[in-house]
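The figures here come from the full heavy-atom set of this structure, side chains too, leaving out hydrogens, waters and symmetry mates. A note on names: the letters A, B, ... follow the listed sequences, proteins ahead of strands, and every chain is numbered from 1.
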2 protein chains.
Amino acid sequence: MTNEHNIPNEYEAIPSLAQLKRQIERYDLDVDAQTVLVAARLMAAGTKLGHAAEVHFSKFGLSTGRYRLLADLEDNAGEELPSQLAEHLGVTRATVTGLIDILERDGLVSRRTSSVDGRQRSVVLTELGAEKLQDMAEEHFARMEAIVGLLSVEERSLFLDLLSKVTHGISSLTE
Amino acid sequence: MTNEHNIPNEYEAIPSLAQLKRQIERYDLDVDAQTVLVAARLMAAGTKLGHAAEVHFSKFGLSTGRYRLLADLEDNAGEELPSQLAEHLGVTRATVTGLIDILERDGLVSRRTSSVDGRQRSVVLTELGAEKLQDMAEEHFARMEAIVGLLSVEERSLFLDLLSKVTHGISSLTE
DNA sequence: CCCATATAATTAGGAACCTAACTATATCGG
DNA sequence: CCGATATAGTTAGGTTCCTAATTATATGGG
């Protein structure tokens with residue numbers, strides 16, 4: 001085990017309700033500890049899931065971002081502009097440039113200069129890139145399913161609904 | 001607006017159910033698109049929340065990690081070992097070293113060599129560090145509450161329960 | 001007693017994503 | 001038609017966290 005000291009005690013998830021209650025009391029705040037706990041746990045879950053995904057994709061020589069780029073490319077007839085990719089993936093164009101650099105180096109995509117607009121350089125999924133997606137598909141989707149596997153069908157749709165509300169809550173904070 | 005091209009179209013969250021369905025059909029997989037969508041949306045929500053938190057803390061000259069370190073320190077009588085902090089925060093000791101470096105530079109914590117074990121160098125919350133926590137408390141907790149604000153009390157406790165199951169699902173994948 | 005081994009913290013270097021500045025190309029108004 | 005401005009993509013450099021190697025100190029068996 002490389003980082004066992006990195007795995008939190010499974011009987012005491014972070015942050016604990018007790019810890020939050022102490023903080024709220026210390027500052028004499030008018031907030032509900034349980035409510036704050038929900039937000040904190042969501043953040044923890046997101047971090048954990050993100051890390052797990054990164055580990056998963058690295059086994060195929062990819063990162064989460066590079067996998068998502070390939071998948072989005074395939075979903076758009078195998079060719080897109082970097083700016084479109086940036087919008088679809090929710091990252092900046094600078095980040096897309098970096099993702100493409102590595103994917104191109106590995107032969108999974110190639111760049112093509114547009115004949116219509118000389119500023120544009122569209123990105124094309126290569127045959128090797130399509131094969132990579134094909135190779136990963138089964139395990140990738142099985143893992144995605146496994147994450148939600150402990151939830152019943154009703155719970156899944158409920159969770160999706162709640163998640164959507166929380167996502168809107170986050171949006172209203174960042175605007 | 002610095003990165004408006006970075007904000008996904010609000011009428012079409014990523015990834016869309018349609019996109020996942022196309023992928024599943026293309027590879028002829030035996031998975032449920034809705035189920036996969038739940039996992040994908042959770043990952044997106046986590047990323048979004050993490051980013052929002054980073055922006056929030058940066059207004060106080062901190063990062064999420066450095067804030068969490070200070071809070072954990074305060075919750076442990078203002079003094080802890082780096083290894084304890086690493087375990088509590090769920091990061092490596094190397095990361096803790098980096099967090100402490102900056103917090104010490106800014107006068108929010110100080111390092112003290114142990115008289116018991118010469119290898120240990122405990123971290124102490126300074127008065128300035130405690131003041132920083134005090135200054136941030138109200139806004140910080142208000143924001144945490146706002147994230148979950150669109151959920152009713154029942155939904156919050158339900159969400160927490162579902163989140164816990166999903167977190168276990170992630171754990172079982174990474175072991 | 002002292003050498004092999006374990007442990008605490010740090011350093012060195014890498015990966016992912018960011019913002020801001022830059023280059024090259026396109027377009028619009030006088 | 002041509003200079004000002006806008007846009008596409010890239011580059012440069014910063015932040016956060018990681019793994020692996022290193023340094024310093026402690027401990028246990030021959």
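Between Phe159(A) and Phe159(B), the angle of the ring planes stays under 30°, which puts this pair in the parallel group of the 30/60° scheme. In this structure, His56(B) and His140(B) have parallel ring planes: the angle between them is below the 30° cut-off, well short of the 60° mark.
Between Arg111(A) and Asp101(A) there is a salt bridge, since a side-chain N of the basic residue sits under 4.0 Å from a carboxylate O of the acidic one. Under the 4.0 Å criterion applied to side-chain N and carboxylate O atoms, Glu74(A) and Arg26(B) are assigned as salt-bridge partners. A salt bridge is defined here as a Lys NZ or Arg NE, NH1 or NH2 lying under 4.0 Å from an Asp or Glu carboxylate O, and Arg143(A) with Glu139(A) meets this definition.
Rounding to whole angstrom units, CD of residue Glu80(B) and C1' of dA9(C) are separated by 15 Å. Leu89(A) places its CG atom 13 Å from the P atom of dG9(D), with the value rounded to the nearest Å. Atom P of nucleotide dT10(C) and atom CG of Asp101(B) are separated by 7 Å, given to the nearest angstrom. Between Gln120(A) atom CD and dA24(C) atom C1' there is a gap of 13 Å when expressed in whole angstrom units. Between the CG atom of Leu103(B) and the C1' atom of dT10(C) there is a distance of 16 Å, rounded to whole Å. Rounding to whole angstrom units, NZ of residue Lys48(A) and P of dC17(D) are separated by 17 Å. Rounded to a whole Å, the NE2 atom of His51(A) is 7 Å from the C1' atom of dC18(D). A straight line from CG of Leu99(A) to C1' of dG9(D) spans 14 Å, rounded to a whole angstrom.
Applying the 4.0 Å criterion to OP1 and OP2 of dG9(D), one finds that Ser83(A) has a side-chain N or O inside that range. The phosphate of dT10(C) (OP1 or OP2) has a side-chain N or O of Arg121(B) nearer than 4.0 angstrom. Side-chain nitrogen and oxygen atoms of Thr95(A) include none within less than 4.0 Å of the OP1 or OP2 phosphate oxygen of dC17(C). Side-chain nitrogen and oxygen atoms of Thr97(A) include none within less than 4.0 Å of the OP1 or OP2 phosphate oxygen of dG9(D).
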* To do: Take Met136(A) and Tyr67(A) through the test side chain to side chain contact (heavy atoms under 4.5 Å, CB included) and record every step on the way to the result.
  => CA-CA 10 Å; Met136(A) 296 182 66; Tyr67(A) 171 80; 3.9 Å; yes
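Mapping Ala94(B) and Asp117(A) onto DNA chain D by nearest heavy atom places Asp117(A) at the nucleotide closer to the 5' end. Both Ile102(A) and Leu81(B) sit near DNA chain C, but only Leu81(B) has its closest nucleotide nearer the 5' end.
A donor-acceptor pair under 3.5 Å links the side-chain atoms of Glu155(A) to the main chain of Ser152(A), judged by distance alone.
With hydrogens and angles left out, the side-chain atoms of Thr95(B) and Thr92(B) include a donor and acceptor closer than 3.5 Å. Using modelled atom types and a 3.5 Å distance limit, the side chains of Ser171(B) and Lys48(A) yield a donor-acceptor pair.
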* **Under 4.0 Å protein heavy-atom contacts per nucleotide of nucleotides 1-7 of chain C, with B for base, S for backbone only and - for none** => -----BB
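Using a 4.0 Å cut-off on heavy atoms, none of the residues of residues 62-78 of chain B approach DNA chain C.
Of the residues Gln84(A), Glu79(A), Glu80(A), the one that meets the side chain to side chain donor-acceptor pair (under 3.5 Å) test with Ser122(A) is Glu79(A).
You'll find that the side chain of Arg111(A) is closest to dT10(D), out of dC17(C), dT19(D), dT10(D).
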